[in-house]
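First the structure, then my questions, so here it is.
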Amino acid sequence: MKLYNTLTHKVEEFVPMQQGKVGIYSCGPTVYSHPHIGNFRSFLVADLLKRFFEFKGFSVTHIMNITDVGHLVDDADEGADKLEETARKQKKDPLEIAKFYTESFMQASKLLNIKPSDKYPKATEHISEMIDMVKKLIDKGYAYVVGHNVYYDVMKFANYGQLSGNTLEDVNAGARIEINQEKKNPQDFALWKHDPKHLQQWDSPWGRGFPGWHIECSAMSSKYLGAEFDIHTGGEDNIFPHHECEIAQSEAASGKKFVHYWLHTRFLLFDGEKMSKSKGNLYTIPELIEKGVRKNAIRYALISSHYRQNYNFTFDGLKAAEQAIDKMQQCVLQLKDIQKSSKAGEICQQIKDLSSNCLAQFDEALSDDLNISKALAVCFDFIREVNKAEDMNLSEASALLETISKIDSVLGVLESTDEEVPENIIELAEKRKTAKLNKDWKTADAVRAEISAQGWLLEDTPGGGYRIKRGENT
RNA sequence: GGCGGCGUAGCCAAGCGGCCCAAGGCGAUGGUUUGCAAAACCAUUAUUCGUGGGUUCGAAUCCCACCGCCGCCUCCA
């Protein structure tokens, strides 16, 4: 398994800390608004990674934080917290806001078939762990107190800038922030902030206040995965300053290496443009579904291109994704038909080879830094071969279905095909069958149109049978 | 200004020194099949990889220059 490590700027062989196990920490949502498709690309990459590790037989511990405090709206560590701003606008308690949007996030995650993390720790529930870490950093001389504020002294951490490639001087040169006179260096960042206007406040050794933005991930990751762990994921925007600061905090506090592999997902574009509130292209999952987009097509689209590549999200792309999924789904339907109509028997060598080659190549593709395009190509080559195979018995069909199921345990795009076909649709289908036997084509076509109007698609199968599935005849 | 990425067919996208007259998906066209469809299958759809040089026996792949696009540099996945 090879992964691109942002820390070393190289594709590296993944070596787990413990044989057969992998710990993954993913930067989750900040719950002050509905998460949008951009957020979900990053979460889906984490999901794909995790599912693939499981496919390979790893035991995965996956932690995704919920940030319900601490992100400042404007520069210079001043001003309102985003959560607080929403809370003030909606005249609600910040925790109420957080709860509402956490629920929104969970629902959308479910729609996208994202496997739940082992734990979704919330920042507000880990204040004491953060305070402990800040204390430790002060004790070790990496942090200093000014009044009721605590800052991290970046000059003390030699590797600061290792992840992002930023040097302290460069950060300084490009800085858009106003110099905070309290800090020893402009690049120093807050570990604990004092602001009487803030709605969310906790007691600390430095007075009432709230934690800095970066400390939560350091504190929570070490609590649930240990001070040193395998993989940390996030969006590319997290590289600097968030993850850079996490490294500085965690490594200074523990004296250990923090994260072995850093994975960053590149931003999504929408119709070739950056997504932003002002452009109005920050679609949420429910919004897309309301527009008639199928949820598994959203998932497919978002995972179907490489995570280190900007993916241009378009409605045409979603259409293509739907078609691609239908192609897979159709193959499953045909195999299920064979299961129903044939008897068990020997599995011929050709089918065995087809399955094992497919799984091996699929594994190989994703093992190469999650080369999803290659992996999908393997799937479609496999499907073509399956569709070409003739005279299959039940055992062979089952074996091939098993293979598809293994693949979809990673992709997660196939829908259950077990939806009950309504009685009246079956009656219509039977009516058409009779009409066809009588060569009454007019009636047959009319009935098929009627079935289509009700949202079902009737397909004839060889030998006079039929198959009913969701969809419409065009 | 600093750091980083990208430019491959109508669209999406893999390939990163010879297996490439370049995978796969979507779309399109023709064919097989079908009462007609749908689905499936077959064939065609880039002799060429932003442009110009160079290295090499050999380059989409390495180097240089240029053009264009994008991201990050304390709000952001």
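Keep in mind the model is a prediction, meaning the values are calculated, not measured. Order of the sequence lines fixes the chain letters, A, B, ..., with proteins taken first and strands second; residue numbering starts at 1 for each chain.
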- Any idea how A:Y160 and A:F240 line up, ring-wise: parallel (<30°), tilted (30 to 60°), or perpendicular (>60°)?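 Rings of A:Y160 and A:F240: perpendicular, over 60°.
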- Query: For B:G68, what is the paired nucleotide under Watson-Crick or G-U wobble rules, both distances under 3.5 Å?
  - Reply: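 Matched B:G68 with B:C6 under the 3.5 Å cut-off.
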- Message: Under 4.0 Å, counting only non-hydrogen atoms across every strand here, what does A:Q309 touch: a base, just sugar-phosphate, or nothing?
- Response: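 Sugar-phosphate, backbone atoms only, no base.
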- Query: How close or far is atom C1' of B:C73 from atom CD1 of A:I239, stated in whole angstroms?
  - Reply: 11 Å
- Task: Report the base-pairing partner of B:C36 (Watson-Crick or G-U wobble, both distances below 3.5 angstrom), or none.
- Result: none
- Task: Classify the angle between the aromatic ring planes of A:H242 and A:H214 as parallel (below 30°), tilted (30 to 60°) or perpendicular (above 60°).
- Result: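 Ring orientation of A:H242 relative to A:H214: tilted.
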- Item | Gap in Å between the two P atoms, one belonging to B:C19 and one to B:G52, rounded | 23 Å
- When we call it a touch if two heavy atoms are under 4.0 Å apart, what does A:D381 touch: a base, just sugar-phosphate, or nothing? sugar-phosphate
- Item | More than 12 heavy atoms of other groups within 6.0 Å of A:Q454 CD |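 For A:Q454, atom CD is crowded (more than 12 foreign heavy atoms under 6.0 Å).
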- Taking any strand in view, what nucleotide pairs with B:A60 in a Watson-Crick or G-U wobble way, both distances under 3.5 Å?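 By the stated definition (distances under 3.5 Å), nothing pairs with B:A60.
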- Task: Send over the distance from A:N238 CG to B:C3 P, rounded to a whole Å.
- Result: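 So the two atoms are 22 Å apart, to the nearest Å.
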- Considering only the P atoms, how many Å lie between B:G2 and B:A65, rounded to the nearest integer? 14 Å
- Can you tell me the pairing partner of B:C19 across any strand shown, Watson-Crick or G-U wobble, with both distances under 3.5 angstrom? none
- Gap in Å between the two P atoms, one belonging to B:C41 and one to B:U47, rounded: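 B:C41 and B:U47 have their P atoms separated by 26 Å.
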- Item | Under 3.5 Å donor-acceptor pair, A:R384 side-chain atoms to B:A40 base atoms |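 Checked by distance alone, the answer is no.
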- Message: Is the ring pair A:H232/A:F258 parallel, tilted or perpendicular, if the boundaries are 30 and 60 degrees?
- Response: perpendicular
- Separation of the C1' atoms in B:C49 and B:A60, to the nearest angstrom: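 Comparing C1' positions in B:C49 and B:A60 gives a spacing of 4 Å.
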- How would you list, by chain and number, every residue that makes a side-chain contact (heavy atoms from CB on, under 4.5 Å) with A:F100, sequence neighbours excluded?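 A:H34.
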- Looking at the rings of A:H198 and A:F210, which for Trp means the six-membered one, are their centres under 6.0 Å apart? yes
- Taking only the side-chain nitrogens and oxygens of A:Q330, find out if one of them lies under 4.0 Å from OP1 or OP2 of B:A40. no
- Find the distance A:Q361:CD to B:A14:P and express it as a whole number of Å.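 Computing the A:Q361:CD to B:A14:P distance gives 18 Å.
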- Query: In terms of side-chain heavy atoms of A:A377, which of B:U74, B:G24, B:A14 is nearest?
  - Reply: B:G24
- When you check the phosphate oxygens OP1 and OP2 of B:C36, does a side-chain N or O of A:K436 lie under 4.0 Å from one of them? no
- Task: Remember a base hit wins even if backbone is also touched, and classify A:S164 as base, sugar-phosphate or nothing at under 4.0 Å, heavy atoms.
- Result: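 Sugar-phosphate contact only - A:S164 comes under 4.0 Å of backbone atoms but never of a base.
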- Message: Would A:F380 count as stacking on B:G24 if stacking means ring centres less than 5.5 angstrom apart and planes tilted under 30 degrees?
- Response: no
- Message: Regarding A:L268, tell me which of base, sugar-phosphate or nothing describes its non-hydrogen contacts under 4.0 Å with the strands shown.
- Response: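 A:L268: base contact, heavy atoms under 4.0 Å.
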- Value in whole Å for how far the P atom of B:C6 lies from CG of A:L269: 14 Å
- Which value, in whole Å, describes the distance between the P atoms of nucleotides B:G68 and B:U51?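 Per the computed distance, 15 Å lies between those P atoms.
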- Test of ring centre spacing under 6.0 Å for A:F55 and A:F362: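 Centroid separation for A:F55 and A:F362: below 6.0 Å.
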- Given RNA chain B, 5'-ward residue of the pair A:C27 and A:K327, judged by closest heavy atom: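 In this pair, the answer is A:K327.
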- Rounded to whole angstrom units, what separation is found between the OH atom of A:Y307 and the P atom of B:C6?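 So the OH-P distance, A:Y307 to B:C6, works out to 13 Å.
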- Presence of A:N387 side-chain N/O under 4.0 Å of B:C41 phosphate oxygens OP1/OP2: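 Yes, because at least one side-chain N or O of A:N387 sits under 4.0 Å from OP1 or OP2 of B:C41.
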- Is there a Watson-Crick or G-U wobble partner for B:U74 with both distances under 3.5 Å, and which nucleotide is it? none
- Task: Classify the nucleic acid contact of A:A320 as base, sugar-phosphate or nothing, counting any heavy atom under 4.0 Å across all strands shown.
- Result: sugar-phosphate
- Which part of the nucleic acid, if any, lies within contact of A:K439, taking any heavy atom under 4.0 Å across all strands shown: a base, the sugar-phosphate backbone alone, or nothing? nothing
- Item | Mutual orientation of the aromatic rings belonging to A:Y152 and A:F189 [parallel < 30°, tilted 30-60°, perpendicular > 60°] | parallel
- Message: Taking B:C67 as the reference, what is the distance to B:G17 when you measure between their C1' atoms (whole Å, please)?
- Response: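 B:G17 and B:C67 have their C1' atoms separated by 26 Å.
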- Residue matched to B:A14 through Watson-Crick or wobble contacts both under 3.5 angstrom: none
- Residue met sooner reading RNA chain B from 5', once A:H9 and A:K388 are mapped to nucleotides: A:H9
- B:U29 and B:A37: how far apart are their P atoms, nearest whole angstrom?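 After rounding to an integer number of Å, I get 14 Å for this pair.
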- Message: Does A:D460 contact B:C36 through a side-chain donor or acceptor facing the base, at a distance under 3.5 Å?
- Response: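 Answer yes: a donor N or O sits under 3.5 Å from an acceptor.
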- Query: Taking OP1 and OP2 of B:G15, is either one under 4.0 Å from a side-chain nitrogen or oxygen of A:N371?
  - Reply: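 So the side chain of A:N371 is within the cut-off, an N or O lying under 4.0 Å from OP1 or OP2 of B:G15.
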- Message: Given the structure, check if the side chain of A:D445 and the base of B:G35 hold any donor-acceptor pair shorter than 3.5 Å.
- Response: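 Side chain to base: pair present.
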- Does the side-chain contact (heavy atoms from CB on, under 4.5 Å) test come out yes or no for A:L302 and A:S304, once each step is laid out? CA-CA 6 Å; A:L302 289 175; A:S304 67; over 6 Å; no
- Gap in Å between the two P atoms, one belonging to B:C6 and one to B:A14, rounded: 10 Å
- Measure from the side-chain heavy atoms of A:Q334 and tell me the nearest of B:A39, B:C70, B:C72.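 In terms of side-chain proximity for A:Q334, the closest of B:A39, B:C70, B:C72 is B:A39.
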- Rounded to the nearest Å, what distance is computed from the CD1 atom of residue A:I383 to the P atom of nucleotide B:A39?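 Atom-to-atom, A:I383 to B:A39, this comes out as 15 Å.
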- Task: Would you mind reading off the distance between A:Y466 atom OH and B:G35 atom P, rounded to a whole angstrom?
- Result: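 Spelled out: OH on A:Y466 to P on B:G35 is 18 Å.
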- Message: At 4.0 Å (heavy atoms only), tell me whether A:G234 reaches a base, stays on the sugar-phosphate, or touches nothing.
- Response: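 The residue A:G234 makes sugar-phosphate contact but no base contact.
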- Could you check which nucleotide pairs with B:U29 in any of the strands shown, counting Watson-Crick or G-U wobble with both distances under 3.5 Å? B:A43
- Message: Just to be sure I understand the rule, does A:F267 reach a base, reach only the sugar-phosphate, or reach nothing, if contact means heavy atoms closer than 4.0 Å?
- Response: base
- Message: Distance check needed: B:G5 P versus A:H306 NE2, whole Å only.
- Response: 13 Å
